[in-house]
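As structure tokens, the structure follows; a few thoughts come after it.
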2 protein chains.
Amino acid sequence: MTKICKDGIDRSLIKPESEAYGLMYTQDILSGKWKYIILWYLGEETKRYSEIKKFLMNISQGSLTKQLKELEEAGIILRKVYPEVPPKVEYSLTNKGKGVLPIIKTMIDFGNEYNEYK
Amino acid sequence: MTKICKDGIDRSLIKPESEAYGLMYTQDILSGKWKYIILWYLGEETKRYSEIKKFLMNISQGSLTKQLKELEEAGIILRKVYPEVPPKVEYSLTNKGKGVLPIIKTMIDFGNEYNEYK
DNA sequence: CAGTATCCCGAAGGATACTG
DNA sequence: CAGTATCCTTCGGGATACTG
């Protein structure tokens with residue numbers, strides 16, 4: 001099996017312009033336990049590393065750093081380092097990152113309509 | 001840490017009606033490597049187990065059965081068994097399942113706009 | 001045909017300690 | 001403050017064999 005992405009799904013027989021390909025591409029770059037919530041939290045505002053960490057509470061240092069790095073490498077978020085002591089790092093959505101907000105919105109709408117506690 | 005769902009995210013401090021809660025609920029019930037593609041493939045049409053299996057090619061028997069069972073338990077798909085020999089089982093989207101199609105559509109739109117092969 | 005039942009493995013993520 | 005490094009555990013998913 002030819003893995004062409006980290007989700008291990010073989011797309012070799014699927015045309016890049018097909019719907020299934022786009023779907024799998026999206027699922028691939030947004031995979032991981034925390035990415036959607038991170039992106040939702042970033043929303044329109046820039047946030048510091050420590051703010052994200054505090055908001056997510058249960059995430060470990062290593063995981064947060066890894067998820068942020070993956071999002072950065074995918075061109076979803078921008079990492080801005082301020083050369084200060086102590087260091088200050090801010091994260092914000094790129095234009096591509098803002099493109100995932102509609103996805104998140106539809107997920108929220110669905111979740112709020114169908115979760116069992118409503 | 002109190003796990004209240006299989007993704008392990010602790011929602012105990014988040015109100016059920018909040019956006020973050022809805023988002024996590026959705027992420028939770030749609031987690032897994034194949035669920036989005038399965039639901040996209042089902043679309044508006046009923047499909048047989050063997051059709052889904054053939055379409056996904058690389059999926060294992062065990063995984064397909066498991067993903068379908070989870071989707072059924074979440075009320076996303078309907079499983080209809082025809083008492084024949086050999087057996088025939090058809091899967092289709094419930095109303096709730098049709099509610100995830102808008103999510104999939106936005107994911108497709110995003111993926112087709114931003115994947116590197118366009 | 002549409003599953004079940006096992007076994008197995010890799011990768012994701014957590015915990016902890018350390019650092020510029 | 002914002003990481004890095006290391007070790008460890010969990011678990012989703014694959015492979016294989018078997019069945020009503």
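Just so it is clear: chains get the letters A, B, ... in the order the sequence lines come, proteins before strands, and each one is counted from 1. All values derive from a computational prediction rather than experimental measurement. Values reported hereafter were calculated over all heavy atoms of this structure, with side chains retained and with hydrogens, waters and symmetry mates removed.
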By salt bridge (charged side-chain N to carboxylate O under 4.0 Å, His left out) - contacts of [X] (at least two apart):
{"X": "A/E51", "value": "none"}
{"X": "B/K66", "value": "B/E70"}
{"X": "B/E72", "value": "none"}

To the nearest Å, how far apart are [X] [atom1] and [N] [atom2]?
{"X": "B/L68", "N": "C/dG3", "atom1": "CG", "atom2": "C1'", "answer": "11 Å"}
{"X": "B/L64", "N": "C/dG3", "atom1": "CG", "atom2": "P", "answer": "8 Å"}
{"X": "A/Q67", "N": "D/dA2", "atom1": "CD", "atom2": "C1'", "answer": "17 Å"}
{"X": "A/K33", "N": "D/dG12", "atom1": "NZ", "atom2": "P", "answer": "11 Å"}
{"X": "B/K80", "N": "C/dA2", "atom1": "NZ", "atom2": "P", "answer": "15 Å"}
{"X": "A/L71", "N": "C/dA12", "atom1": "CG", "atom2": "C1'", "answer": "15 Å"}
{"X": "A/E90", "N": "D/dC1", "atom1": "CD", "atom2": "P", "answer": "14 Å"}
{"X": "A/M57", "N": "C/dG14", "atom1": "CE", "atom2": "P", "answer": "13 Å"}

In a table with atom names and distances, give each donor-acceptor pair under 3.5 Å that connects a side chain of residues 82-94 of chain B to protein atoms at least two apart or in another chain.
from: B/Y82; atom 1: OH; to: B/E90; atom 2: OE1; distance (Å): 2.9
from: B/Y91; atom 1: OH; to: B/R79; atom 2: NE; distance (Å): 3.3
from: B/T94; atom 1: OG1; to: B/G75; atom 2: O; distance (Å): 2.6
from: B/T94; atom 1: OG1; to: B/I76; atom 2: O; distance (Å): 3.0
from: B/T94; atom 1: OG1; to: B/K96; atom 2: N; distance (Å): 3.4
from: B/T94; atom 1: OG1; to: B/G97; atom 2: N; distance (Å): 3.0

N or O in side chain of B/S63 less than 4.0 angstrom from D/dG14 OP1/OP2: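 So the side chain of B/S63 is within the cut-off, an N or O lying under 4.0 Å from OP1 or OP2 of D/dG14.
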Of the options [options], whose atoms approach the side-chain atoms of [X] most closely?
{"X": "A/W34", "options": "D/dG14, C/dG14, C/dA2", "value": "C/dG14"}
{"X": "B/R79", "options": "C/dA2, D/dT4, D/dG14", "value": "C/dA2"}
{"X": "A/K69", "options": "C/dA12, C/dA2, D/dT4", "value": "D/dT4"}
{"X": "B/Y91", "options": "C/dA12, D/dG3, C/dG3", "value": "C/dG3"}

Is A/Q27 reaching over with its side chain to a backbone N or O of B/K35, donor-acceptor style, under 3.5 angstrom?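 Not at all, since once roles are kept as given, no pair shorter than 3.5 Å links the two residues.
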Between A/N115 (side chain only) and A/G111 (backbone N and O only), is there a donor and an acceptor less than 3.5 Å apart?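 Yes; judged by distance alone, with no hydrogens or angles, the pair exists.
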Does the gap between the ring centers of B/Y25 and B/Y21 come in under 6.0 Å?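 No, too far apart.
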Once salt bridge (charged side-chain N to carboxylate O under 4.0 Å, His left out) is applied, what residue pairs with a partner in residues 99-109 of chain B remain, sequence neighbours excluded?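 Output for this query lists B/K105-B/D109.
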For A/E44, which residues count as a side chain to side chain contact (heavy atoms under 4.5 Å, CB included) partner, sequence neighbours excluded?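 Listed in chain order: A/K98, A/L101.
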Using the side chain to side chain contact (heavy atoms under 4.5 Å, CB included) criterion, which residues pair with A/F55? Sequence neighbours excluded.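 For A/F55, the residues satisfying side chain to side chain contact (heavy atoms under 4.5 Å, CB included) (neighbours in sequence not counted) are A/I37, A/W40, A/Y41.
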Which atoms of nucleotides 15-20 of chain C (N or O only) lie under 3.5 Å from a protein N or O atom, and what are those distances?
none

Which residues in residues 44-56 of chain B have a heavy atom closer than 4.0 Å to any atom of DNA chain C?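 Within residues 44-56 of chain B, the residues near DNA chain C are B/R48, B/Y49, B/S50.
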Using the C1' atoms of the five pairs at each end, what is the angle between the end axes of the helix from C/dC1-D/dG20 to C/dG20-D/dC1, to 10°?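 About 60° separates the two local helix axes.
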Taking only residues two or more places apart in sequence or in another chain, which ones pass side chain to side chain donor-acceptor pair (under 3.5 Å) with A/S60?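 A/S63.
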Going by ring-ring contact (aromatic ring centres under 6.0 Å, His included), name the residues that satisfy it together with A/Y49, two or more places apart in sequence or in a different chain.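 Checked A/Y49 against ring-ring contact (aromatic ring centres under 6.0 Å, His included); zero matches.
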